[in-house]
Amino acid sequence: MSAEDSEHQRQIKAVSEAFEQEFERFARLRAGDVTRLDAAPPAGAEALLRDLSDLRTRHTGRKSALTGLKKLIGRVSAEERAAFGQRVQHLEAEIVEKIDDAERALKESSAAARIERERIDVTLPGRRLRRGHMHPITLVWQRIEDIFVSMGYTVEDGPEIETDFYNFTALNIPAGHPARSPQDTFYTTDGCALRSQTSTVQIHAMQRRHPPLRVIAPGKVFRRDTPDATHNPMFFQVEGLLVDRGITLAHLKGTLTEFLRRMFGPDTRTRFRPSYFPFTEPSAEFDFSCFKCGGVGCRLCKGSGWIELGGSGMVHPNVLRAVDIDTEEFTGFAFGLGIDRMCALLYGLDDIRLLFENDVRFLKQFS
Amino acid sequence: MNISYNWLRELTDTALAPREVAERLTMVGLAVDTVHEAGDDFILEFDITSNRPDCLSHLGVARELSVIGRGRVRLPEAKFASEGSAEQLSAVEIREPVLCPRYAARIVRGVRVAPSPGWLADRLRAIGQRPISNVADITNYVMHEMGQPLHAFDFAKLAEQRIVVRRALKGERLKTLDGVVRELDEEMLMIADAVRPVALAGVMGGEETEATDATRDVLIESAYFNPTSVRRTARSLGLHTEASHRFERGVDFDGVLRAQARVVALICELAGGTATEDAIDVRAQVFESPPPVTLRLSRVKALTGLEVPSDEITRILDALGFILVATNGESESDTARASVNATRVNETATGDAESLAETATATGAPQSALSFTAPTWRVDIEREEDLVEEVARHFGYEKIVDELPAGNVSGGYRAGDARRRAARRALTASGFDEAISFGFIDAEHDGRFELLPDLKSAEGNNGEGDAGGASIDGAESLVSLSNPIIEGVTRMRPTLLPGLLDAVRHNFNQGTRDVRLFEVGRVFAGHAFSNEPSMDGSLPREREALALVLTGGATEEGIAGAARELDFRDLKGALEAVFDTVNLPAPEFVAARVKHLSEGQAALVSVGGRVVGTLGRFAEEVAPSYKFRQTVFVAEVDFSALLAVEELPMRYTPLARFPSVVRDISLLADRRVTFAEMRGVVNMLGLAESRGVELVDVYEGKGVPEGKRSVTLRVEYRSDERTLRDEEVNETHQRIVGALEAECGAQLRG
Ligand SMILES: [Zn+2]
């Protein structure tokens with residue numbers, strides 16, 4: 001080995017050692033060596049990466065000792081040049097590889113650090129303003145309206161305080177009838193009645209327009225009941241009326257069945273029971289097959305499979321005559337059902353007094 | 001009403017089991033609520049509709065059951081020993097023929113009043129009646145058997161042994177069987193003897209003349225009392241009895257003697273004694289049997305859709321006790337002819353009863369119309385439709401099919417319903433829950449609240465500034481109930497606010513402090529102050545109002561605690577959202593004095609120059625019941641008025657072609673200089689390039705002198721022709737700042 005050669009060897013060794021010494025703190029880091037990476041504090045990875053980048057500049061940059069060696073290659077004697085060149089290249093490759101490896105490891109570590117830093121708790125509640133809720137009566141009311149409007153009915157309303165004529169006389173409720181007593185009906189000091197059924201709207205509608213007529217009248221009604229779990233002195237009702245040629249109880253039943261199917265499901269069946277209302281003749285109460293048990297019998301339907309819902313019938317000829325409709329040419333049906341009762345059924349309410357207490361804890365259960 | 005199954009079996013030959021009986025009777029209109037076992041018997045609990053007093057007895061129920069089972073009703077025989085005429089012993093005088101058209105008295109002498117035999121006591125107990133003594137129990141038993149209330153007087157205790165049916169005299173009293181001394185009035189019908197009342201006619205007997213162990217002779221009363229009169233007496237005394245329940249609805253005018261004979265027979269059998277051969281039967285009024293009702297056979301299908309063969313129609317009506325009196329208007333002298341005709345029609349029927357009947361009408365063929373008289377116990381039969389129902393319910397409502405009417409009418413919502421729904425959505429989106437409160441409120445609220453302009457008198461409210469002077473304090477303009485259900489709650493609400501404030505109080509009491517509620521509902525005022533004539537001159541005025549209440553924190557869904565406390569601007573924002581959603585012109589807000597709102601924290605809201613409501617901080621001092629520990633904000637607007645305002649047309653505005661520049665201005669100004677004034681100053685300059693002023697922030701407190709506040713405004717500058725140069729913007733901006741400083745006494749902050 002020539003002196004020149006050993007000098008070169010020494011120089012290469014010095015460069016290599018200088019590198020190794022500085023690189024030592026990175027030497028533990030190897031690409032893919034996850035356990036080592038875990039040892040590095042995640043936040044530190046980026047600082048290390050910057051240090052490593054400096055180190056690369058110092059040891060492989062233009063002013064580095066390695067570059068100095070590479071410049072030396074041309075000046076080395078011809079016989080030594082190849083070997084020297086090879087060694088320098090070898091050294092360079094080794095340094096670059098080590099740095100690359102460490103850099104790759106650090107980048108992975110840094111990415112992992114960023115992920116950890118930005119990791120979110122996806123179970124934290126979504127950020128949104130508190131939403132309000134429509135009253136359950138409104139929800140049911142709107143559903144009923146939508147169904148009947150789609151069946152060709154016009155929604156109508158009338159005053160909540162009525163004359164004796166609209167609330168009773170025109171509905172064939174004669175003087176002296178118990179429904180008129182101040183025990184049952186609210187009266188104002190002027191002798192008007194708080195409407196005790198929205199059937200009053202039928203009369204207004206029939207006075208305004210001629211048959212054929214299809215009307216529903218949802219609204220507030222009043223009866224002098226002391227509040228308890230199933231009564232309120234104020235409640236909501238939908239009254240339906242259809243007057244046309246050739247209308248029968250079959251049309252009434254078909255209409256109620258159609259409505260109840262859309263409300264409670266396509267398998268719903270309805271049942272008529274003969275009953276009595278002053279403003280219809282013949283009259284029928286209608287029940288529908290229990291939507292909970294499908295008619296087999298359960299607690300909701302008290303084991304009968306049927307749920308009682310409302311009253312109905314063919315419009316009494318006296319009612320039609322009171323609004324000058326020819327009872328030979330036209331017949332009609334009418335029905336009434338309680339919105340509060342539908343609410344109680346649909347939402348499983350066991351005490352309807354809750355409907356008008358306006359307790360926020362109650363109201364926010366409906367949407 | 002309780003009905004014993006065994007008792008029914010004695011009257012009919014029904015083979016149906018108790019639950020079947022209940023089911024079948026329910027399906028003909030006699031609703032059975034429950035069936036329960038009672039020893040070797042079953043008790044059926046009925047809910048009989050008010051039109052069917054004839055079914056308020058075992059006999060009445062048996063009649064319906066016999067139609068179902070195609071059987072017969074067996075009436076028990078009334079055989080007993082009798083002697084002498086009742087008229088030799090007593091007398092009956094009816095002074096009120098309208099209130100008591102018929103009164104029959106029969107006497108049984110030599111009875112031994114004692115406990116009833118076991119079977120009788122058991123039977124009464126089974127249907128929930130308390131046995132007393134044989135005589136009293138027998139009258140009770142027969143009422144439950146035949147539906148006719150009866151009464152037994154101790155004959156010896158009747159002054160002059162005679163009956164006078166008269167009204168009570170002023171100041172008269174009667175101690176009734178329940179031991180209560182009743183004050184009588186001159187409207188009440190009494191059974192009296194020669195000197196004093198001895199029973200409340202049709203309601204309850206008197207204690208003094210009750211049959212006791214010492215009684216030897218009894219006078220049995222069986223009568224028909226005017227239903228309205230009995231109802232009135234029972235109601236005014238608050239005394240609802242088994243007897244009044246039946247008389248109020250109408251008993252069988254012709255059944256009076258039959259029931260009496262049955263009682264007499266049972267007394268003779270079980271208590272001994274000898275009955276008079278007859279009764280003193282006074283018919284004070286001729287009771288005309290109602291005219292026959294004609295049923296056109298075609299009407300059955302026309303009203304029910306049911307195809308009922310004509311012989312089935314006649315079978316049902318016959319079994320119910322109806323008597324065919326004419327066919328096609330011809331008197332039915334020969335009943336056989338009717339049945340022949342019925343058979344013939346049935347034979348020719350091809351299944352389409354209606355077309356058959358129509359043909360029959362057209363050609364005058366027999367049997368298209370049958371006229372019937374109703375049995376005397378049926379007080380509910382007046383017209384053809386009643387007969388149709390009789391036929392339909394016994395033919396079977398369950399045979400009615402589902403059919404939809406042919407669609408030839410288009411449906412629709414009420415005017416304004418789309419906007420009503422939109423307003424509700426806007427409010428729920430703003431975090432308000434919908435409330436519904438009672439339509440009546442306590443009279444203690446009279447005069448506490450500023451009412452909506454349209455509920456107040458025509459004078460005053462012209463839509464400007466102070467609304468305080470125009471309100472009506474007196475109750476005379478309010479609508480009041482004459483018979484409230486809750487004491488003191490006598491006013492039909494002229495405002496929704498008390499209802500919402502009650503709700504706030506309720507929620508506070510439940511520990512909920514963040515409450516945002518709205519209600520849409522009618523408010524009322526006396527017709528004397530309406531601006532427009534109402535549909536009916538005598539009706540009060542009704543308006544639909546919208547009210548809001550808000551208190552507590554601006555909470556977020558699912559987060560405990562609130563970011564900040566809600567205030568006036570949250571309320572105003574919710575109201576603005578409503579106006580916006582229902583497509584109305586932007587509302588204007590003007591500070592004002594409002595009766596139920598704190599001074600300096602109240603405003604009137606108007607649209608198109610018309611005042612439609614109020615909003616602000618609720619003044620707790622208004623009502624002792626609303627002393628809340630936290631601030632509550634309320635608003636109320638006339639929703640009817642809002643819905644009457646035409647919707648703004650929706651028109652597109654071209655998007656800006658050139659960029660805009662925004663500049664913020666921070667000003668220190670007196671607290672009383674309003675934002676609206678500052679905006680007004682800018683707008684008054686009429687600078688084409690300034691495109692509007694918006695609020696960035698208001699601040700007062702640390703670093704801001706007392707009585708002042710810092711207001712930061714943002715002005716947008718833009719031209720439609722070109723991009724504005726910086727110098728142009730600066731120049732305009734300087735003019736605006738200068739104007740604000742000069743007009744508002746504001747200082748530019750650094
Ligand atoms: Zn069920």
Side-chain angles (χ1 to χ4, degrees), chain A residues 125 127-135 137-138 149 151-155 157 159-161 163 176 181-182 186-189 192 212 214 220 224 226 233-234 242 244 247-251 253-255 257-258 272-276 281-282 284 314 317 331 355-361 363-364, chain B residues 26-29 49 51 228 302-305 385-386 388-389 392-393 397 400-405 407-414 424 427-428 431-439 479-483 485 503 506-507 510 512 515-517 522 524 536 538-540 542 555-559:
Chain A
R127 198 173 285 122
R128 54 179 170 145
L129 290 177
R130 198 191 78 173
R131 184 174 62 87
H133 304 81
M134 281 191 218
H135 198 280
I137 293 275
T138 301
V149 167
M151 289 168 75
Y153 288 72
T154 301
V155 183
D157 203 357
E160 288 177 10
I161 301 179
T163 59
S181 95
F186 287 105
Y187 287 96
T188 68
T189 48
C192 296
R214 292 184 188 199
K220 202 178 266 184
R224 245 180 123 266
T226 307
M234 175 187 97
L242 186 148
D244 205 340
I247 294 303
T248 71
L249 281 177
H251 295 120
K253 186 156 177 286
T255 298
T257 304
E258 177 66 16
F272 271 166
R273 281 177 292 112
S275 191
Y276 168 69
E281 190 75 36
M314 300 301 291
T331 51
L355 288 172
F356 307 132
E357 259 175 18
N358 300 322
D359 192 310
V360 170
R361 296 168 304 168
L363 296 173
K364 71 177 176 196
Chain B
T26 297
M27 292 311 289
V28 298
T49 53
N51 62 325
T228 311
L303 285 171
T304 66
E385 288 77 8
D386 300 328
V388 170
E389 183 176 76
R393 69 189 179 88
Y397 270 27
I400 297 169
V401 296
D402 285 337
E403 211 177 302
L404 279 175
N408 53 359
V409 190
S410 66
Y413 295 88
R414 285 178 298 172
R424 280 194 164 91
L427 286 164
T428 53
F432 286 76
D433 295 317
E434 186 179 14
I436 296 178
S437 347
F438 285 130
V479 183
S480 302
L481 292 177
S482 62
N483 56 341
I485 187 88
H506 171 85
N507 280 290
Q510 304 305 312
T512 311
V515 181
R516 271 176 272 180
L517 294 171
R522 308 269 180 96
F524 308 86
D536 184 309
S538 61
L539 284 180
E542 295 186 17
T555 49
E556 285 177 38
E557 207 80 60
I559 310 285

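- Only the side chain of B:T512 comes within contact range of chain A, judged by heavy atoms closer than 4.5 Å.
- Using a 4.5 Å cut-off between heavy atoms, A:M234 touches chain B through backbone and side chain atoms alike.
- Within the 4.5 angstrom heavy-atom criterion, only side-chain atoms of A:E258, from C-beta onward, approach chain B.
- Ranked by heavy-atom pairs shorter than 4.5 Å toward chain B, the options A:I161, A:T331, A:T226, A:I137 are led by A:I161.
- Judged by distance alone, with hydrogens and angles left aside, the side-chain atoms of A:N358 form no donor-acceptor pair with the main-chain N or O of B:A435 at under 3.5 Å.
- Using modelled atom types, no side-chain atom of B:D433 and backbone atom of B:T428 make a donor-acceptor pair closer than 3.5 Å.
- Only the side chain of B:I559 comes within contact range of chain A, judged by heavy atoms closer than 4.5 Å.
- One finds the OH atom of A:Y276 at 8.0 Å from the OG1 atom of B:T49 (value rounded to the nearest 0.5 Å).
- Chain B forms more heavy-atom pairs under 4.5 Å with one residue of A:R131, A:M314, A:R214 than with any other, namely A:R214.
- Only the backbone of A:Y153 comes within less than 4.5 Å of a heavy atom of chain B; no side-chain atom from C-beta onward does.
- A donor-acceptor pair under 3.5 Å links the side-chain atoms of A:R224 to the main chain of B:N483, judged by distance alone.
- A 6.0 Å sphere centred on CG of A:L129 holds no more than 12 heavy atoms belonging to other residues, nucleotides or ligands.
- Residue contact with chain A, scored on non-hydrogen atoms closer than 4.5 Å, involves the backbone and the side chain of B:L303 alike.
- In this structure, the portion of B:N507 lying under 4.5 Å from any heavy atom of chain A is its side chain and not its backbone.
- With a 4.5 Å cut-off on non-hydrogen atoms, A:L242 touches chain B through its side chain but not through its backbone.
- In this structure, the portion of B:F432 lying under 4.5 Å from any heavy atom of chain A is its backbone and not its side chain.
- Of the atoms belonging to A:T255, heavy atoms from both backbone and side chain fall under 4.5 Å from chain B.
- B:E542 places a side-chain N or O within 3.5 Å of a backbone atom of A:E160 that can act as its donor or acceptor partner.
- Interface check for chain B: of the options A:K220, A:E281, A:R127, the most heavy-atom pairs under 4.5 Å are formed by A:E281.
- If you measure heavy-atom distances from A:P317 to chain B, the contacts under 4.5 Å come from the side chain alone.
- Interface summary for chain A: among B:G305, B:G431, B:A503, the most heavy-atom pairs under 4.5 angstrom belong to B:G431.
- For A:T188, the parts lying near chain B are the backbone and the side chain together; criterion is any non-hydrogen pair under 4.5 Å.
- Between B:E556 and A:R128 there is no salt bridge, since no side-chain N of the basic residue sits under 4.0 Å from a carboxylate O of the acidic one.
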Q.
Walk me through whether A:D359 and B:H506 qualify under side chain to side chain donor-acceptor pair (under 3.5 Å).
A. CA-CA 7 Å; A:D359 192 310; B:H506 171 85; 3.0 Å; yes
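- Checked by atom type and distance alone, the side chain of A:R130 never pairs as donor or acceptor with a backbone atom of B:E557 at under 3.5 Å.
- Closest heavy-atom contact between B:D402 and A:K253: OD1-CG, 2.9 Å.
- At least one side-chain heavy atom of A:H135 sits less than 4.5 Å from a side-chain heavy atom of A:L355.
- The parts of B:V401 that come within reach of chain A are both its backbone and its side chain, each placing non-hydrogen atoms under 4.5 angstrom from that chain.
- Contact annotation for A:D244: only side-chain heavy atoms (C-beta onward) come within less than 4.5 Å of a heavy atom of chain B.
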